[in-house]
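Everything on this sheet refers to the single structure shown next.
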Amino acid sequence: MARATTLWALLYTGFGLACTLSGTSLFPYGGDSGASGPGWAVVAVGALGTAVGGAVVRYGLRPALRVLVRVVCGLAAITAFSLLMDVITLMLGQGVDSWAATANKALAAVGAVLLAAMARSDREPAGAAVREPSAAPRLVQRAAWAGTLAFVPYAAMKLVWASGGTFAGVTGEEMLAASERNGASGTFLALESWGLDPTALLAALGVCLLWGLARPWGQVFPRWTLFLRGRRVPPWLPLAPGLLGAATLAPYGVVGVGYLALVTAGVVTMRRGDFPSSGDALLVGWIGMVAFGVYGLALIIAARSYWLRTRPIRRPARGTGADAE
């Protein structure tokens, strides 16, 4: 694991250096004037990861090195922020703002996973037993219910527009025209015209992921999966999208709620955008940000519970315990 992480760090350093020297911006909203800053930051993270990975290869995962691994892992995770938004955009057939920025987030996400695995590489017990599928504790399931219910107003609002209704002073036709004007893909527009809002469908998939992390069927493939039924679900399969979604939606929603609270208190103003008034835009913003924030936090709680419930069980070593002679 340490060698793979070191290889990633070298590639990441080279990627950042190439973007910096070529003047390619890794922050699409900052303009060309700030193109080199994020590039050098990527180089710094990659260089630190290379040094730490090389030290782990040579000296092993000592306590001080474990701390540095976690630091680099945190930096990579922060860099990967909003990757989920780019993934959703690509799934809907739309283009991203910057392919270099998206590649940077994807590489950072890979590095965060490798670094997290390396930080725990010497803690997995040898000959460990697999745990039986189990449901999450009651408090975790309550968090899952909160994340589910938070999406209900959001999905209802989107479906009202998709079905041609009016919400927050905007009709379905006006919302469809605004989506087309803002560069929505043909796939997105086609689904909208059929009364199916793509973001509502993605919200439904997100709720399924949330409950998969909280219920036993997220650990063993259910009957309807045909040839896979009864087989163990690889823990990384739900954890990877779960952690990616949590790292994106939780801070996005929490920061958004904080901003909307300032708007509601009259501290800052909010543009009305495509809505008749700033009040209508504020209403829609509250519905969306509360959904993202509560769901993101619920996803963090459920993902942590899933990880704890799928950890191997440490078996007692031979020659110890009551049976030892």
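Just so it is clear, the model here is predicted, and its values are computed rather than measured. Because only heavy atoms are used, hydrogens play no part in the values below, and waters and symmetry mates are left out as well, while side chains stay in.
With a 4.5 Å cut-off on side-chain heavy atoms, L260 and M270 count as touching. Here the side chains of D280 and V170 are not in contact, with every heavy-atom distance at 4.5 Å or above. Within the 4.5 Å cutoff, the side chain of F275 has heavy atoms near those of the M175 side chain. At least one side-chain heavy atom of V257 sits under 4.5 Å from a side-chain heavy atom of W286. In this structure, the side chains of D274 and E174 stay at 4.5 Å or more apart for every pair of heavy atoms. Side-chain atoms of Q219 and T310, non-hydrogen and from C-beta on, do get closer than 4.5 Å to each other.
Of all non-hydrogen atoms in S305 and A136, the two that sit nearest each other are OG-CB, 3.5 Å. Looking at every heavy atom in both residues, P222 comes nearest to R229 through O-CB, 3.2 Å. The heavy-atom pair separating G169 from P276 by the smallest distance is O-CG, 3.3 Å. Between L17 and V43 the shortest heavy-atom distance is N-CG2, 3.3 Å. Contact record, G242 with L299: O-CD2, 3.3 Å, taken as the closest heavy-atom pair. Across all their heavy atoms, P251 and A247 have their closest contact at CG-O, 3.0 Å.
Linking Ile, Leu, Val, Met, Phe, Trp and Tyr whenever their side-chain heavy atoms come within less than 4.5 Å puts V42 and L68 in one cluster. Taking hydrophobic clusters as Ile, Leu, Val, Met, Phe, Trp and Tyr residues chained together by side-chain heavy-atom distances below 4.5 Å, L114 does not share a cluster with L11. Cluster annotation: W145 is connected to W217 through the hydrophobic network of ILVMFWY side chains, with a link wherever side-chain heavy atoms come within less than 4.5 Å. A chain of hydrophobic side-chain contacts below 4.5 Å, direct or via other Ile, Leu, Val, Met, Phe, Trp or Tyr residues, connects F15 to L75. Tracing side-chain contacts under 4.5 Å through hydrophobic residues (I, L, V, M, F, W, Y), one reaches Y259 starting from V284; they form part of the same cluster.
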Candidate pair T79 and Y12, rule side chain to side chain contact (heavy atoms under 4.5 Å, CB included), full reasoning
CA-CA 12 Å; T79 305; Y12 195 54; 3.3 Å; yes
Step by step, work out the side chain to side chain contact (heavy atoms under 4.5 Å, CB included) result for V56 and M118.
CA-CA 9 Å; V56 173; M118 185 171 70; 4.1 Å; yes
V57 vs T6, side chain to side chain contact (heavy atoms under 4.5 Å, CB included): CA-CA, chis, key distance, verdict:
CA-CA 9 Å; V57 170; T6 305; 4.0 Å; yes
Side chain to side chain contact (heavy atoms under 4.5 Å, CB included) between L283 and F167: does it pass, once the steps are laid out?
CA-CA 10 Å; L283 172 62; F167 184 82; 3.9 Å; yes
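Put simply, CG on L282 and OG on S277 are 9.0 Å apart, with the number rounded to the nearest 0.5 Å. Atom OG1 of T199 is separated from atom NZ of K158 by 4.0 Å, given to the nearest 0.5 angstrom. With rounding to the nearest 0.5 angstrom, the OH atom of Y59 is 9.5 Å from the CG atom of L65. Note that CG of L249 is 10.0 Å distant from CE of M289, once rounded to the nearest 0.5 Å. If you take CD1 on I301 and CG on L139, they are separated by 9.0 Å, rounding to the nearest 0.5 Å. Atom CG of residue L213 and atom CG of residue L239 lie 6.5 Å apart, to the nearest 0.5 angstrom.
Considering only residues two or more places apart in sequence or on other chains, F292 meets the ring-ring contact (aromatic ring centres under 6.0 Å, His included) condition with Y154, Y252.
Heavy-atom neighbours of R232 CZ from other residues, nucleotides or ligands within 6.0 Å: above the threshold of 12.
Remark: the backbone N or O of R272 is not paired with any side-chain donor or acceptor of S278 at under 3.5 angstrom. Panel note: side chain R309, backbone S134; a donor-acceptor pair is recorded below 3.5 Å. Side-chain atoms of S163 come within 3.5 Å of backbone atoms of V160 as a donor-acceptor pair (strictly under, hydrogens ignored).
Between T166 and W161, the side chains place no donor N or O within less than 3.5 Å of an acceptor N or O (distance only, hydrogens not considered).
Taking the ring axis of W307 as reference, the NZ or CZ atom of R311 stays within 45° of it and closer than 6.0 Å to the ring centre.
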For residues 200-211, which side-chain donor-acceptor pairs fall under 3.5 Å, sequence neighbours excluded?
| from | atom 1 | to | atom 2 | distance (Å) |
| --- | --- | --- | --- | --- |
| W211 | NE1 | T148 | OG1 | 2.8 |

